[in-house]
Amino acid sequence: QALNPAHKPLVIFTPKSMLRLKEAVSPVGAFTSGRFEPVLPDVAVDPAGVRRVVLCSGKGYWDLLKHQQSEGVTDTAIVRVERLYPLPAEEIASVLASYGPDVQLRWVQEEPANQGMWPFIAMNLPAALGRGLTVVSRAAASSPAVGSAKRHNVEQTQLGGCPFAG
């Protein structure tokens, strides 16, 4: 695939916890002989048994993966969207094709529903896929932070389990 001159590298903003997370490290080969993949499928679940696909990006993936592994969830695939703009709709559709047409689709984000990527995803991805999806996020809010560590931890726990329910 030829490099598109319109696609430029960008600065990545990530929480400090991601810098310390050993699971979030790529092998050297991924940089020297690999290539950037805008969408990463869930290779840990059997596509035939998947009823739900959770699309996410960033730190949320690692929280969801931890929950999936600790609870033994096998009917939900976690698909990582690594490039958010331009939206990799074709790549997402290609990954979703392996799960069948009847799977539930969810976008999961830590940010409130009116912030983060959801507004952009909601406006663009359903039309590109020809089907709808729902969001799992914090309630819409004027601030991205709740202002209380205890409340943040409660909401974080709810986000971790909610995408796998129902």
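Quick caveat: nothing in here was measured; it's all calculated off a predicted structure.
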Gln115 to Pro119 - nearest heavy-atom pair and separation: O-CD, 3.4 Å
Where do Pro38 and Pro88 come nearest, in terms of heavy atoms and distance? CB-CB, 3.9 Å
Quick check: do Trp118 and Leu133 have side-chain heavy atoms less than 4.5 Å from each other? yes
Can Arg83 and Glu91 be said to form a side-chain contact (heavy atoms from CB on, under 4.5 Å), step by step? CA-CA 10 Å; Arg83 186 184 78 212; Glu91 292 91 338; 4.3 Å; yes
As an exercise, state the distance from NZ of Lys66 to CD of Glu71, rounded to the nearest 0.5 Å. 11.5 Å
Mind running side-chain contact (heavy atoms from CB on, under 4.5 Å) on Val45 and Thr76 for me, showing each step along the way? CA-CA 8 Å; Val45 296; Thr76 301; over 6 Å; no
If you look at every heavy atom in Pro112 and Ser143, which pair is closest and at what distance? CG-O, 3.8 Å
For the backbone of Met117 and the side chain of Gln109, can you confirm whether one donor and one acceptor N or O come within less than 3.5 Å of each other? yes
Does Arg131 have any salt bridge (Lys or Arg N to Asp or Glu O under 4.0 Å) partners at least two apart in sequence or in another chain, and if so, which? none
Check whether any side-chain N or O of Asn114 sits under 3.5 Å from a backbone N or O of Ala141 as a donor-acceptor pair, and report yes or no. yes
Hey, are the side chains of Leu21 and Lys59 touching, using non-hydrogen atoms and a 4.5 Å cut-off? no
Spacing of CG belonging to Leu96 relative to CG belonging to Leu55, to within rounding of 0.5 Å: 6.0 Å
Taking side chain to side chain contact (heavy atoms under 4.5 Å, CB included) as the criterion, tell me which of Val136, Val135, Asp63 meets it with Val108. Val136
Is there side-chain contact between Thr74 and Asp46, with heavy atoms separated by less than 4.5 Å? no
Side-chain donor or acceptor of Asp42 paired with backbone N/O of Ile78 under 3.5 Å: yes
So, using ring-ring contact (aromatic ring centres under 6.0 Å, His included) as the criterion, who are the partners of Phe36 when residues are at least two apart? none
Backbone of Arg51 reached by a side-chain donor or acceptor of Gln104 within 3.5 Å: no
Heavy-atom side-chain contact between Asp75 and Val73 under 4.5 Å: yes
Minimum heavy-atom separation for Phe120 to Leu84, with atom names? CE2-O, 3.5 Å
Cluster overlap Leu129 with Tyr85, hydrophobic side-chain contacts below 4.5 Å: yes
Leu40 vs Tyr61, side-chain contact (heavy atoms from CB on, under 4.5 Å): CA-CA, chis, key distance, verdict: CA-CA 11 Å; Leu40 300 173; Tyr61 168 77; over 6 Å; no
Applying salt bridge (Lys or Arg N to Asp or Glu O under 4.0 Å) to Arg138 and Glu111, what does each step give before you reach the verdict? CA-CA 6 Å; Arg138 289 180 163 82; Glu111 297 87 3; over 6 Å; no
Please tell me if the side chains of Val81 and Ile92 come closer than 4.5 Å, counting only heavy atoms from C-beta onward. yes
Using modelled atom types only, decide if a donor and an acceptor are shared between the side chain of Thr134 and the backbone of Arg106 within a distance under 3.5 Å. no
CZ of Arg52 to CG of Leu105: how many Å apart, nearest 0.5 Å? 11.0 Å
Minimum heavy-atom separation for Ser57 to Trp107, with atom names? CB-CH2, 4.2 Å
With side-chain contact (heavy atoms from CB on, under 4.5 Å) as the criterion, how do Leu64 and Cys56 come out once you've worked through the C-alpha distance, each side chain's angles and the decisive distance to 0.1 Å? CA-CA 9 Å; Leu64 292 168; Cys56 64; 3.9 Å; yes
Search all heavy atoms of Pro47 against all heavy atoms of Ser98 and return the closest pair with its distance. CB-O, 3.4 Å
For Glu90, which residues count as a salt bridge (Lys or Arg N to Asp or Glu O under 4.0 Å) partner, sequence neighbours excluded? none
